[in-house]
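Working notes, structure below.
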Protein chains: 2
Amino acid sequence: MVQYVTLPLDLAFAALSDATRRGIIDQLGRGDASITSLADKFQMTLTGMKKHVQVLERAGLVVTQKVGRVRTCKLGKRGLKAEAEWIEAHRKLFEARFEALDEIISEMKREGSDESAS
Amino acid sequence: MVQYVTLPLDLAFAALSDATRRGIIDQLGRGDASITSLADKFQMTLTGMKKHVQVLERAGLVVTQKVGRVRTCKLGKRGLKAEAEWIEAHRKLFEARFEALDEIISEMKREGSDESAS
DNA sequence: TACATACTGAACCATATAGTTCAGTGTCTA
DNA sequence: TAGACACTGAACTATATGGTTCAGTATGTA
């Protein structure tokens, strides 16, 4: 039995799993932006954009600050360090597995045998 | 207007957003495994585990092969390259933003001003 | 003061996730 | 051949996501 409970990674990866949100990060990398300007750029209602920003904020990837009537969004200081580390560590696992040559053999065997992928 | 449509990244990040699934990848890094053995290790029904494996499979992170009555799961050849690249590229964006010193200033200003994070 | 702007919140919708149970089907093995 | 084993699929539950509309509230501006 193994127990995995890594909430911060959950939130960050979930935030990154949406193309619009990845686009928002992209955009904020080119400069801070208001909710309205983001909503325009991604052709979405204000409310819809606000939700995306909230998801990014919960994940710590974006921070926002309201001045007057404008809420400005910027990239969070948290960054993507933890995610990069997880990915890099596991990328090694993947590669290690493929250096085992039985992999290549079973790969060849798999061509034209069964496969009943639901 | 910006259009982002990156399905493979969507699927992979979504697959990685669940701690159990990250655990499965972890586990498969230590050796191939059947659905049953994974279900045991993560204290979950067979059906539940099958669903997780399907999510990983759709994302290309895991491949499975049924031999006799046993379906064996292993890490997919696809790996985490695309995800690593996205993360690394954007990590730079985050860091670049923080080298701008107005960042530090506004960071200081933010302490004890508004904040109405819904 | 009146109007426009920028956001906020509630409510709703369709679909997906994460999990379950239960009832199979197909494959070993004694 | 009879059981047991490993998976599969359908159905159901509760909750989350990604989006909308509509009705506010607060702020800036003419």
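Only a predicted model underlies this, so the values are computations on that prediction, with no experimental measurement involved. Numbers restart at 1 for each chain; the letters A, B, ... are given by sequence-line order, proteins then strands.
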Short side-chain N/O contact from R71(A) to OP1 or OP2 of dT8(C), under 4.0 Å: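 Answer is yes, contact under 4.0 Å.
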May I ask you to verify if any side-chain N or O of T45(A) is less than 4.0 angstrom from the OP1 or OP2 atom of dT20(D)?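 Checking dT20(D) against T45(A), a side-chain N or O does come within under 4.0 Å of OP1 or OP2.
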Integer-rounded Å distance: [N] [atom2] and [X] [atom1]:
{"X": "R21(B)", "N": "dT17(C)", "atom1": "CZ", "atom2": "P", "answer": "8 Å"}
{"X": "I24(B)", "N": "dG19(C)", "atom1": "CD1", "atom2": "P", "answer": "9 Å"}
{"X": "I35(A)", "N": "dT5(C)", "atom1": "CD1", "atom2": "P", "answer": "18 Å"}
{"X": "K66(A)", "N": "dT5(C)", "atom1": "NZ", "atom2": "P", "answer": "16 Å"}
{"X": "D32(B)", "N": "dA6(D)", "atom1": "CG", "atom2": "P", "answer": "17 Å"}
{"X": "M49(B)", "N": "dA18(C)", "atom1": "CE", "atom2": "P", "answer": "12 Å"}
{"X": "Q43(B)", "N": "dG19(C)", "atom1": "CD", "atom2": "C1'", "answer": "14 Å"}
{"X": "D40(B)", "N": "dC5(D)", "atom1": "CG", "atom2": "P", "answer": "12 Å"}

Going by an N to O cut-off under 4.0 Å, is there a salt bridge joining [X] and [Y]?
{"X": "E88(A)", "Y": "R91(A)", "result": "yes"}
{"X": "R22(B)", "Y": "D26(B)", "result": "no"}
{"X": "R78(A)", "Y": "E83(A)", "result": "yes"}

Using a 4.0 Å heavy-atom cut-off across all strands, classify L46(B) as base, sugar-phosphate, or nothing.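 Result for L46(B) = base.
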When all nucleic acid strands are considered with a 4.0 Å heavy-atom cut-off, which category describes G68(A): base, sugar-phosphate, or nothing?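 Sugar-phosphate only.
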Is there a donor and acceptor pair, one atom on the side chain of T47(A) and one on the base of dG9(C), closer than 3.5 Å?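 Indeed there is one.
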5' priority, DNA chain C, between M44(B) and R58(B) [closest heavy atom]: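 Result: R58(B).
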[X] side-chain proximity, nearest of [options]:
{"X": "T20(A)", "options": "dA6(C), dT8(D), dG19(D)", "value": "dG19(D)"}
{"X": "R69(B)", "options": "dA4(D), dG28(D), dT20(C)", "value": "dA4(D)"}
{"X": "K50(B)", "options": "dG9(D), dT8(C), dA18(C)", "value": "dG9(D)"}
{"X": "H52(A)", "options": "dT20(C), dG19(D), dG26(C)", "value": "dG19(D)"}

Please verify the inter-ring angle class for F13(A) with F13(B); under 30° counts as parallel, over 60° as perpendicular, anything in between as tilted.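 Answer is parallel, since the angle falls under 30°.
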Note, L16(A) side chain near I25(A) side chain (heavy atom, < 4.5 Å):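 Yes, at least one pair of side-chain atoms sits under 4.5 Å.
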